[in-house]
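We name chains A, B, ... by the order of the sequence lines, and we start the count at 1 in each one.
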Amino acid sequence: MYSSDEMMAVEAARRLDDGMVCFVGIGLPSTAANLARHTHAPGCVLVYESGTIGAKPTELPLSIGDGELAETADAVVSVPEMFAYWLQGGRIDVGFLGAAQIDRHGNLNSTVIGEYDRPKVRLPGGGGAPEIATEVKDVFVMLRQTPRAFVDRLDFTTSRGDNVRVVITDLGILEPVDGELTLVQVHPGTSVADAREATGWELRVADDVKTTDPPTEEELVALRSLQTKGS
Amino acid sequence: MYSSDEMMAVEAARRLDDGMVCFVGIGLPSTAANLARHTHAPGCVLVYESGTIGAKPTELPLSIGDGELAETADAVVSVPEMFAYWLQGGRIDVGFLGAAQIDRHGNLNSTVIGEYDRPKVRLPGGGGAPEIATEVKDVFVMLRQTPRAFVDRLDFTTSRGDNVRVVITDLGILEPVDGELTLVQVHPGTSVADAREATGWELRVADDVKTTDPPTEEELVALRSLQTKGS
Amino acid sequence: MLTSLREAVEDLVRDGDTVALEGFTHLIPGAAGHELIRQERHGLTLIRMTPDIVYDQLIGMGCARKLVFSWGGNPGVGSLHRLRDAVEHGRPAPLELEEHSHAGMAAAYQAGASNLPFGVLRGYRSNDLVARTRVAPIQCPFTGEELAAVPALRPDVGIIHAQRADRRGNVQLWGILGVQKETVLASARSIVTVEEIVDELDPRPGAIVLPSWTVDAVALAPGGAHPSYAHGYYERDNDFYVAWDEISRDRDRFQQWMQRHVLDTADVEEYRASVARSTVAAV
Amino acid sequence: MLTSLREAVEDLVRDGDTVALEGFTHLIPGAAGHELIRQERHGLTLIRMTPDIVYDQLIGMGCARKLVFSWGGNPGVGSLHRLRDAVEHGRPAPLELEEHSHAGMAAAYQAGASNLPFGVLRGYRSNDLVARTRVAPIQCPFTGEELAAVPALRPDVGIIHAQRADRRGNVQLWGILGVQKETVLASARSIVTVEEIVDELDPRPGAIVLPSWTVDAVALAPGGAHPSYAHGYYERDNDFYVAWDEISRDRDRFQQWMQRHVLDTADVEEYRASVARSTVAAV
């Protein structure tokens, strides 16, 4: 048995190659990148926006500022340098993003639910997302698929979807086809109908939807051995 | 006995107060600032454009990059940071400049003698001077007074004289009065006539030209103890 | 130079000031924030890239009139309930927001430290933030490319926490550096709280030094980064971040907590002792 | 990744390239410059804030067609005679100059490393450089202040010398850092020569690390900074800077010196030995 979070982390990790430079936040992205590093991509380079480049945590950090990230990093730089020389410098291959809302074009909202000036829910805000979305080569989005998250219209566009290459959800995998996110894969035990139901727009579905390979024993062992701290 | 270089260094040092932050180059300025630090202004902060802040060399450096500057500095920063955060940041009180030519307004030429495209003598160039001249509060100029150096018209304006507060020469001291450099002091053994003769323009002279106090025993001892390496 | 945190805040922070208490997940100046609350500073414009618990406390206690920020949350836990209450319901007072991206704010701090009126970045590309923040298009005079200009951040007071200072007031910090150097250099006045004061700052890998003449006041505040951490001194109090979600959710409970642990304590030592007691009690 | 300096120059530097060999008084990549001369690179646009002896050698040997710089001299000694001969008399070939101030060039490197088309500074204020360099006025969209924009430096090849690298090619340097990080990050390709290659880069005060994936080639070149120095390895050869004034003053003597110590030596070790012999002989 494995959780949907574990399925998501494993699917994200499978998409990271050895030597890729990844800009990761806390949570599933950090879990996925570290899993890749401990399995098939030991040379995967983890960059945290806190300024740590090439961090090699043995446990999953709870904050992007955890001391172990600095201790194990190849280099620690200031935050202005991180965004100017490294992110804007075009040195990052993959950037992970999450959000409260996503639309069919991969645009994301992590700013507000409701009107900006009369918010129903004030969310934390964009942080690094607006420039991660435009300055990295490939954006990987990870979020749970529900009608409230997968919406026809965003309440606020925090970041653009132009560089989104894949959306990894608890139900399956979406990839842009002619600029619209399309269901290309469902996780074991999930049907295309489930994915449609969980989407707030008329979901495009590929002709040949594949079923995700479940996590291997090796993947689960590596993943769980990481989660002593972060879980 | 003492040399005219020693007189110049002593007069420059006398104008530095404790706690002043000084941007110094190699040669007489570095000698003067270190002399001040070893006499009346122990808290005088030496900043070298190579990136060393608060350097405390025991011997006079021959290059602004000498290792001892980094070893004794409070902080070592990159050259871009030095010019952006520290010089342009407005944190420097006094900047020393030399030049091949100076005019009556304190404008300096360290670029070329003759036409730029057909140079008689190609000089090293401006280096830090153009921005030191505009970004520090007070510019101190140190150079030997000759008709070839003190010219009516510069061949090239490398830096502006607007912030020049004093020009320290081997003959005396000039200060701007209504925007024109004026002889206010002559060193022992020098006459106003000598200074006039050494100036390529009709030199303005203050009504009450003072004679410089010769270097004290203490000043000379401190100065010479510094010069083991730099001389 | 060396002074108490109380005196530093008394002398250097005024009602209505623009104040940046910076710390990017590490070395967050919590003790300084508590002193602002004890001294009842009002009408502050608070600046911070990543406002978290100490900003939730300042906002909940009514010290702030405006927040300039790029990400405001409880890292790894969720929302800041006092911040949300102020923005969503105007309690205890309405809070004006000036919202940026991290990249934009970092460039703005860098411009401030460089004594430039604006910073330049490739950012704010056709998203809704553009209409909600202070950004202007600027064209490259050489290539014609259009980029984003952000106005420099120049706080009245910059406040950071560092590991150590020497007796002359030179400050040394290491580990994750965030925007602390830029905050001090961009601010008109600055306060640094430190874990310890030492005779000599021996060089350390990854450490930067802020010379004493760039700082207005240095105050000893051991543990002053709680619930954040000080690399080499103590760990992040992860349980406290989780607990804060509960404490801050209800306005009255928040008030009681602040009364007991901040207003009724005189300084960081009493605060730490008081929090430690209640944690033990909770166990 | 790890290779010989000869192979690195063969693979990465082409005739006509724009090449920056940086080093601000410290860690000047002399050995790499000599390898460019041995491999007879031509038509290079050489970039450097402070061109000194190694650039005098490259120019005197006819490798360069253009020099982008802000201060060109023999520090503490005087002029660069080969540079002057090229500029004043077009010998051995005319040399085009693009002249900046240090502040302007530093901002241009920073812009290059930031992948921005231009950098901004408060500089080039009504002096004659403005007419001789690449600078354009730019207005702050918020305050209206006019500042100077400089086009980003983006060399084809950036070359620096560092103290150490590990076997994976991570590079570590410390002491005076100059613009070396910006040079590597601003360049399309980069070569780093190092004093030694070690198993592990243990952290050092004041050290920065360039991750292996930011560098194209790392080559062992012990003593490769001569006559400059490598902090922690060897001192600056001050006598050589003085001697160079004599060596370079006469064109023929310069040629003979270059033939004997650079063209007739295979690498930095032979160069060092050859220079050492002639120094001993001179004594």
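Remark: B/Phe156 CZ to D/Asn127 CG distance equals 7.0 Å, nearest 0.5 Å. Atom OG of B/Ser78 and atom CD of D/Glu182 lie 5.0 Å apart (nearest 0.5 Å). Between the CG atom of D/Leu177 and the CE atom of B/Met82 there is a distance of 11.0 Å, given to the nearest 0.5 Å. Once rounded to the nearest 0.5 Å, the distance linking OG1 of B/Thr158 with CZ of D/Arg132 reads 12.0 Å. If you take OH on B/Tyr116 and CD on D/Glu99, they are separated by 3.5 Å, rounding to the nearest 0.5 Å. Interatomic distance, B/Glu81 CD to D/Gln110 CD, rounded to the nearest 0.5 Å: 9.0 Å.
For D/Tyr241, no part sits under 4.5 Å from any heavy atom of chain B, backbone or side chain. The contact between D/Met49 and chain B is made entirely by side chain atoms (from C-beta outward), counting heavy-atom distances below 4.5 Å. Using a 4.5 Å cut-off between heavy atoms, D/Ala103 contacts chain B through both its backbone and its side chain. If you measure heavy-atom distances from B/Val112 to chain D, you find no contacts under 4.5 Å at all.
The two residues D/Trp71 and B/Gly126 make their nearest non-hydrogen contact at CD1-C, 4.5 Å. Between B/Ala70 and D/His231, the closest heavy-atom pair is CB-CE1, 3.8 Å. Pairing each heavy atom of B/Glu135 with each of D/Arg125, the nearest pair is OE2-NH2, 4.2 Å. When all heavy atoms of B/Pro130 and D/Ser101 are compared, the closest pair comes out as CG-CB, 3.8 Å. For the residue pair B/Pro119 and D/Val87, the shortest heavy atom distance occurs at CG-CG1, 3.9 Å.
Contact count against chain B (heavy-atom pairs under 4.5 Å) is highest for D/Gly178 among D/Gly178, D/Gly123, D/Pro75, D/Gly73. Ranked by heavy-atom pairs under 4.5 Å with chain B, the list D/Ala106, D/Pro51, D/Gly119 is led by D/Ala106. Interface check for chain D: of the options B/Ala133, B/Pro80, B/Gly125, B/Gly114, the most heavy-atom pairs under 4.5 Å are formed by B/Pro80. Between chain B and the residues D/Asn74, D/Asp128, D/Leu83, the most heavy-atom pairs under 4.5 angstrom are made by D/Asp128. Chain B forms the most heavy-atom pairs under 4.5 Å with one residue out of D/Gly76, D/Ser79, D/Gly78, D/Ser126, and that residue is D/Ser126. The most heavy-atom pairs under 4.5 Å with chain D, out of B/Thr111, B/Val121, B/Asn109, come from B/Val121.
Proximity of a side-chain donor or acceptor of B/Gln88 to a complementary backbone N or O of D/Leu121 within less than 3.5 Å is not detected.
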Show your working on side chain to side chain contact (heavy atoms under 4.5 Å, CB included) between B/Arg122 and D/Leu97 and close with a plain yes or no. CA-CA 11 Å; B/Arg122 172 63 225 200; D/Leu97 295 183; 3.6 Å; yes
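Other residues, nucleotides and ligands contribute only 12 or fewer heavy atoms inside 6.0 Å of the CZ atom of B/Arg153.
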